[in-house]
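Just so you know, these numbers use all the heavy atoms, side chains as well, and skip hydrogens, waters and symmetry mates. Counting starts at 1 for both ligands and their atoms, following the listed order.
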Amino acid sequence: MSPLEELIRAEIRATGPMTVARYMEMCLAHPEHGYYATRDPLGVAGDFTTAPEISQMFGEMIGVWVASVAPADSFRLIELGPGRGTLMADVLRVLEQAEMRPEVWLVETSPALRAEQAIRVPNAHWADRLEQVPDGPAVILANEFLDALPVHQYLRAADGWRERLVGLRDGRLTWGLSEPLPGRDAAPEGAWTEKSPQADAALEQLAARLGASPGAALIVDYGYTALDRPNGPTLQAAKDHAYADALEGPGEADLTWLVNFDRAATALGGQVTTQGAFLAAMGIGARAQALASASPEEAGAVADALERLTAPEQMGTLFKVLGAVSPGLPAPPGFGD
Ligand code: SAH
């Protein structure tokens with residue numbers, strides 16, 4: 001059994017079943033044994049692939065967006081959870097063409113990933129938390145960041161809301177439910193709801209920054225709105241590019257949940273669209289054509305990447321984009337009229 005699983009079991013034996021948020025926090029963020037602390041999980045040899053790792057076109061379209069919302073001649077470009085730094089490197093290449101050279105800040109807790117980022121983004125500043133980044137005009141980006149923060153899950157049982165817990169039974173980690181929580185409402189039995197105080201806090205901080213200094217924020221993640229809200233708990237484990245059991249081998253699989261973009265848009269302000277619609281509006285079709293005609297031997301790979309990023313049955317609809325700007329600034333491009 002891994003040292004992390006020993007720690008989780010010891011905590012459950014000492015204080016009882018733990019919330020899903022506590023379990024996630026230990027699995028992903030434990031400073032010594034957590035998933036993100038111990039590895040670079042991205043890419044072919046890793047557990048999952050993100051949009052910037054699929055194709056440079058993703059970051060380039062975000063670069064076009066950043067260039068069009070840049071709030072001042074001099075601004076900070078901040079990214080939350082930058083992974084390998086691929087997205088930032090692609091954005092900076094586009095900005096360079098527009099002769100924009102923002103001061104780059106990467107908010108990252110993982111030493112393994114900071115090392116990867118330093119390779120691709122040589123002149124960056126690093127911070128553990130957004131609060132550590134100085135105030136001032138800024139554009140803030142986050143791709144698959146919120147879904148890595150701990151989430152609480154609640155089931156509406158016959159006798160009220162109960163929180164989903166991780167406990168021990170017959171020597172195995174197992175799902176359970178808390179006693180009914182105080183407070184009643186009209187939710188139907190069997191309904192699930194999820195809440196991430198850390199994600200909410202991150203969005204509140206972004207909103208406060210946009211209120212204090214001119215700027216813009218773009219949040220991209222796996223998630224839903226009222227139009228495609230799933231009916232169940234959304235926690236998912238990924239290992240070796242396949243779904244895994246979230247209770248099996250804690251700290252060895254990525255754990256994510258689906259972001260509620262209606263909730264995020266309320267917290268941050270701004271508009272939500274799908275990744276497919278956003279990338280199309282920013283010109284990914286023309287960019288794919290240009291790349292394919294510049295290197296005909298790459299045309300097939302470019303077409304595949306375009307399909308993966310934008311097709312409804314791939315990432316085009318499941319991934320959502322939330323864009324927000326400071327009060328008084330013109331609406332950002334990419335979100336329809
Ligand atoms: N945006 C990247 C990586 C997504 S994976 C991409 O699209 O490829 C999630 C990222 O968030 C990783 O870089 C991880 O180390 C980072 N991360 C997770 N929790 C964090 C936290 N609490 N604070 C800062 N970074 C965090």
Heavy-atom distances under 4.0 Å decide this one: backbone, side chain, both or neither, for [X] against ligand 1?
X	result
Leu80	neither
Thr50	side chain
Asn143	both

Report the nearest protein non-hydrogen atom to [atom]: residue, atom name, distance rounded to 0.1 Å.
atom	answer
atom 5 (S) of ligand 1	Tyr36 OH, 3.5 Å
atom 22 (N) of ligand 1	Leu149 CD2, 3.6 Å
atom 13 (O) of ligand 1	Glu108 OE1, 2.6 Å
atom 9 (C) of ligand 1	Glu144 O, 3.4 Å

Between the side chains of Trp192 and Glu194, does any donor sit under 3.5 Å from an acceptor?
no

Quiz question: by atom type and distance under 3.5 Å, do the side chains of Asp262 and Tyr224 form a donor-acceptor pair?
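The criterion, which ignores hydrogens and geometry beyond distance, is not satisfied for Tyr224 and Asp262.
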
Before signing off on this row, confirm whether Gly83 and ligand 1 have an N or O atom pair separated by under 3.5 Å.
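There is such a contact, yes.
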
Could you tell me whether some N/O pair between Gly81 and ligand 1 is separated by less than 3.5 angstrom?
yes

Once you measure the plane-to-plane angle for Phe335 and Trp65, does it fall in the parallel (<30°), tilted (30-60°) or perpendicular (>60°) bin?
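If you compare the ring of Phe335 with that of Trp65, the planes turn out perpendicular.
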
Quick one: pull up CZ in Phe261 and OG1 in Thr266 and give me the separation to the nearest 0.5 Å.
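Going from CZ on Phe261 over to OG1 on Thr266, the span is 12.5 Å.
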
Between CD of Gln117 and CG of Asp40, what distance do you get to the nearest 0.5 Å?
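Atom-to-atom, Gln117:CD and Asp40:CG are 9.5 Å apart.
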
Would you mind listing which atoms of ligand 1 come within a distance below 4.0 Å of any non-hydrogen atom of Thr109?
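Going through ligand 1 atom by atom, the ones under 4.0 Å from Thr109 are 20 (C), 21 (C), 23 (N), 24 (C), 25 (N), 26 (C).
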
Atoms of ligand 1 less than 4.0 Å from Ser110 heavy atoms?
15 (O)

Does a salt bridge link Lys239 with Glu248, judged by any charged N lying under 4.0 Å from a carboxylate O?
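Judged by the 4.0 Å cut-off on N to carboxylate O distance, Lys239 and Glu248 do not form a salt bridge.
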
In terms of side-chain geometry, is the basic nitrogen of Lys195 or Asp200 positioned less than 4.0 Å from the acidic oxygen of its partner?
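Between Asp200 and Lys195 there is a salt bridge, with a charged N closer than 4.0 Å to a carboxylate O.
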
Heavy-atom contact under 4.0 Å between Leu87 and ligand 1?
no

Going by the closest heavy atom to atom 18 (C) of ligand 1, which one wins out of Ala148, Pro52, Ala37?
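When every heavy atom of Ala148, Pro52, Ala37 is considered, Ala148 comes closest to atom 18 (C) of ligand 1.
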
What are the two closest non-hydrogen atoms of His30 and Met26, and how far apart are they?
CB-O, 3.1 Å

